[in-house]
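Each chain gets a letter, A, B and so on, in the order its sequence line appears, and its residues count up from 1.
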There are 2 protein chains.
Amino acid sequence: MPTLGDRVQAMVERFRDLLSREGYRVTPQRLAIYEALIASPRHPSAEELYEQVSRRFPMISPATVYNTLQLLVKMGLASELGFSGETRYDGNPHVHVNVLCSHCKRIFDIEEDLAAEIFERVRAKSNFVLYGQRHEFFGVCPECQARGVLNGSVQREAQAAGRSAAD
Amino acid sequence: MPTLGDRVQAMVERFRDLLSREGYRVTPQRLAIYEALIASPRHPSAEELYEQVSRRFPMISPATVYNTLQLLVKMGLASELGFSGETRYDGNPHVHVNVLCSHCKRIFDIEEDLAAEIFERVRAKSNFVLYGQRHEFFGVCPECQARGVLNGSVQREAQAAGRSAAD
DNA sequence: GTTACTGCAAATCTTTTGCAGAAGA
DNA sequence: TCTTCTGCAAAAGATTTGCAGTAAC
């Protein structure tokens, strides 16, 4: 069975091929940034990726990280998550939804077939040519719930959101 | 039949009640910002709301606009859209999806029952206490298509996104 | 009369830009 | 060799903060 490291290596290899096939240059910085993105379950921000890649490339600049992330988005290998101030990046290539815990700030991926179905319906209803989608949910994760994070006010908000979401 | 203005007035009235019921102060600035938000079909940015409300309240400050928008989000009366750099705000109280035209930057609301269904499924699968959701699509609107905006590269991207969204 | 809210100015933080030099193809 | 890409430094935006005065309750 392939390890996580094997899967990451295979994806980096595909990225390398895609780069040269599309006429982009294969640079160690680009490979390292992509690898850091897909190896992280954390949906890192540009800042976090910069910090991590800096360990291997101490001279790298934030501009390169931002450039590469834009390229990845353009190539369809990453998507931007608009949660809370700073943009975070998602290298998961499958259609899925993102769920953010507003307490611990972790983001979880959930596979959900309905996302693909919504995509088709929106295309049909809107007559847009669509090239991207993003499904984001906000809440409190089970671990934080267990730690008693939910105070009265958040609970009220959660109930209100549930109602309006179901109405 | 109620006019758009009537509907806006009714919503502002409800906002006023909600403010005082929850112990917040009813200020003319808050009412004006909320009114500007829901009267605009444009999903305005904080900057745009500031500019518009400034016409009626020349002394208003950006900080007040940001404060009020945060309050509206907290109360569930508005949601943030994470499209492209600046945050834009959506005062539509119904469950819906947002579709952004990457060319003209307009955002369209599309009513979609599946959004409520996804909410329930994500809640069940994640065991989160959920209090918000956001469904965003990117593409090119019919008008911009008709104006010939779609060049080769965007078309390729759109086709690629369609494939990955359907796989 | 209290206390929350506003306006102002400065600060902070993220992201972008312009340019000279380095390094892929 | 020819561009593209990188690193750097500065700039540009968006949003937040601290504080004194104002106004809602």
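The distance between atom CD1 of A:Ile33 and atom C1' of D:dT6, rounded to the nearest whole Å, is 10 Å. Distance A:Leu72 CG to D:dC5 P: 13 Å, rounded to the nearest Å. Whole-Å rounding puts the A:Leu19 CG to D:dC5 C1' distance at 12 Å. Between B:Arg25 atom CZ and D:dT22 atom P the separation is 16 Å, expressed in whole Å. Atoms OH (A:Tyr24) and C1' (D:dT3) sit 15 Å apart, rounded to a whole Å. The CD atom of B:Glu86 sits 6 Å away from the P atom of D:dA14 (whole-angstrom rounding). Computed from coordinates, the B:Leu49 CG to D:dA14 P distance equals 13 Å when rounded to whole Å.
Side-chain N or O atoms of B:Arg134 include one that pairs as donor or acceptor with a backbone N or O of A:Gly82 at under 3.5 Å. No donor-acceptor distance shorter than 3.5 angstrom exists from the side chain of B:Glu136 to the backbone of A:Gly132, with no hydrogens or angles considered.
The side chain of A:Gln29 contributes an N or O atom lying less than 4.0 Å from OP1 or OP2 of D:dG7. B:Gln70 has a side-chain polar atom (N or O) that falls below the 4.0 Å cut-off from OP1 or OP2 of D:dT16. Phosphate proximity of D:dT15 to B:Tyr66: present, with a side-chain N or O under 4.0 Å from OP1 or OP2. One finds a side-chain N or O of A:Arg30 lying less than 4.0 angstrom from the OP1 or OP2 phosphate oxygen of D:dC5.
Here the shortest heavy-atom pairing between B:Gln145 and A:Asn127 reads NE2-O, 2.9 Å. Here the closest non-hydrogen pair linking B:Gln133 and B:Ala115 is OE1-O, 3.3 Å. Taking all atoms of both residues into account, the shortest heavy-atom contact from B:His96 to B:His94 is ND1-O, 2.5 Å.
From the 5' end on, the contacts that DNA chain C makes with chain B at under 4.0 Å to a non-hydrogen atom open and close at C:dT3 to C:dC8.
Each of D:dT4, D:dT17, D:dG7 was ranked by its minimum atom distance to the side chain of A:Ile60; first place goes to D:dG7.
Using cut-offs of 30° and 60° for the angle between ring planes, the A:Phe137 and B:Phe119 rings count as tilted. Below 30°, between 30° and 60°, or above 60°: for A:Phe128 and B:Phe108 the angle between ring planes is above 60°, a perpendicular geometry.
Using a 4.0 Å heavy-atom cutoff across all strands shown, B:Pro28 reaches sugar-phosphate atoms only and no base atom.
Summary of the strand contacts: A:Thr27 and B:Glu47 both lie near DNA chain D, and taking for each the nucleotide with the nearest heavy atom, the more 5' one is attributed to A:Thr27.
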